[in-house]
Amino acid sequence: MSYEAFAYYYDSLMDQNFYNDYIQFINEHVKDYQTVLELGCGTGEIAIRLAHLGKQVCATDISKDMLEVAKYKCIDFKVDVMLSRIDMCDFAVDSQLDLILCLCDSLNYVIDLKNVKQVFENTYNALKKGGSFIFDIDSMYKMETILKDYDEENDEDDFYFHWHVDRISKGYVKHSVEIIDKVENDQVYEEHYQKTYDVETYIELLEKIGFKNIKLYSDFSKYDTECERVIFVCQKG
């Protein structure tokens, strides 16, 4: 399922410095880009930062609630970002782009490998020749080791948060998130499913479609199999 009411609490649980690091990473690995499409933009943190840098940004998500949050943030930060609700497994563009992003483990919500391939094909077709595609996944190490029997609970005077992870099969997990806002008297419970595949599987799909110069990184650093996040940087051939 896509994010619903949880979207309105998402930013309060995220580290803002992470987004700043991502912008720095993007600018280090992609030169002379102007037009950007972000798939799975969430609440718009990356898109807003890119717009502040003068980039022409279209930010998309399948969750209308995430886009609602992003819309009001764009107004607050006085940036011009085109927001659109699309399914990354089924999209096309009118004009090809310099850069396409799919960050913050958004691709892990695409469970079926056939649909992952479709995302890559859609992305390839939407890029200019030589254009860049940057995406990340939660690593197999994270899914199988870090998230094994994972349970996090925080009970404050005004806010209760509980996050539990159940393993379904190799690389496939269910996240159960409960939030109780004691001030607003609001309660949220959502379940989200994510799946990751071996790095070699993603590389094989990318190469078959035509992507070149595929490089891997671990949380903005040199790639290591025992990492939480794997970032792929590649180009349209």
Side-chain angles (χ1 to χ4, degrees), residues 1-3 6-7 10 13-15 18-19 21-22 25-26 29 37-43 45-46 60-63 66 86-91 100-124 132-152 163-177 190-209 211 213-234:
M1 65 177 291
S2 62
Y3 284 84
F6 181 38
Y10 186 85
L13 302 170
M14 293 295 291
D15 180 2
F18 170 77
Y19 300 115
D21 291 341
Y22 230 134
F25 178 87
I26 292 167
H29 291 85
L37 170 65
E38 185 178 8
L39 304 171
C41 69
T43 64
E45 287 290 334
I46 295 291
T60 70
D61 205 287
I62 199 169
S63 167
M66 282 291 199
I86 70 163
D87 182 344
M88 69 176 76
C89 300
D90 182 23
F91 78 93
I100 296 181
L101 305 171
C102 185
L103 310 178
C104 304
D105 59 48
S106 294
L107 190 66
N108 289 127
Y109 290 94
V110 181
I111 305 301
D112 193 300
L113 193 59
K114 291 185 294 184
N115 289 333
V116 174
K117 181 181 179 183
Q118 191 61 55
V119 174
F120 289 168
E121 289 178 345
N122 296 341
T123 300
Y124 189 87
S132 297
F133 178 33
I134 299 179
F135 70 95
D136 66 42
I137 57 165
D138 279 345
S139 68
M140 189 64 72
Y141 176 78
K142 178 177 180 178
M143 292 291 203
E144 292 293 303
T145 303
I146 297 175
L147 292 181
K148 183 180 180 181
D149 302 321
Y150 188 85
D151 194 89
E152 178 182 344
W163 172 24
H164 181 76
V165 181
D166 291 302
R167 183 182 188 272
I168 298 172
S169 61
K170 181 183 177 183
Y172 189 18
V173 301
K174 179 180 78 171
H175 301 272
S176 301
V177 179
E190 293 182 10
E191 294 179 348
H192 297 271
Y193 294 83
Q194 288 189 306
K195 187 169 184 177
T196 202
Y197 294 89
D198 293 320
V199 163
E200 293 76 16
T201 300
Y202 292 104
I203 293 174
E204 182 179 355
L205 286 178
L206 291 165
E207 289 179 339
K208 282 184 177 179
I209 290 166
F211 282 101
N213 303 322
I214 302 169
K215 298 178 181 178
L216 275 58
Y217 300 87
S218 298
D219 298 315
F220 316 124
S221 303
K222 182 179 178 181
Y223 176 60
D224 184 340
T225 55
E226 293 190 357
C227 65
E228 289 194 38
R229 185 185 311 271
V230 183
I231 304 174
F232 292 71
V233 180
C234 49

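In what follows, every heavy atom counts, from backbone to side chain, and hydrogens, waters and symmetry copies are set aside. By convention here, the first residue in the shown sequence is residue 1.
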Could you walk me through whether Asp136 and Tyr217 satisfy the side chain to side chain contact (heavy atoms under 4.5 Å, CB included) test, starting with their C-alpha distance in whole Å, then the side-chain angles of each, then the deciding distance to 0.1 Å, before giving a yes or no?
CA-CA 9 Å; Asp136 66 42; Tyr217 300 87; over 6 Å; no
Please list, chain by chain and in numerical order, all residues satisfying side-chain hydrogen bond (donor to acceptor under 3.5 Å, both in side chains) with Lys117, sequence neighbours excluded.
none
For the backbone of Cys89 and the side chain of Asp87, can you confirm whether one donor and one acceptor N or O come within less than 3.5 Å of each other?
yes
Met140 versus Tyr197, closest heavy-atom pair with distance:
CE-C, 3.8 Å
Which residues satisfy the side-chain hydrogen bond (donor to acceptor under 3.5 Å, both in side chains) test with Asp166, sequence neighbours excluded?
His164
Would you call the rings of Phe220 and Phe18 parallel, tilted or perpendicular, taking 30° and 60° as the class edges?
tilted
Between Asp219 and Glu228, what is the shortest heavy-atom contact and its length?
OD2-N, 3.8 Å
Measure across Tyr223 and Val199 and return the closest heavy-atom pair with its distance rounded to 0.1 Å.
OH-CG2, 3.4 Å
What are the two closest non-hydrogen atoms of Ile203 and Leu216, and how far apart are they?
CD1-CD1, 4.1 Å
Taking only residues two or more places apart in sequence or in another chain, which ones pass side-chain hydrogen bond (donor to acceptor under 3.5 Å, both in side chains) with Glu144?
Arg167
Minimum heavy-atom separation for Asp61 to Gly42, with atom names?
OD2-N, 2.8 Å
If you compare all heavy atoms of Tyr172 against all heavy atoms of Lys195, which two are closest, and at what distance to 0.1 Å?
CD1-CB, 3.8 Å
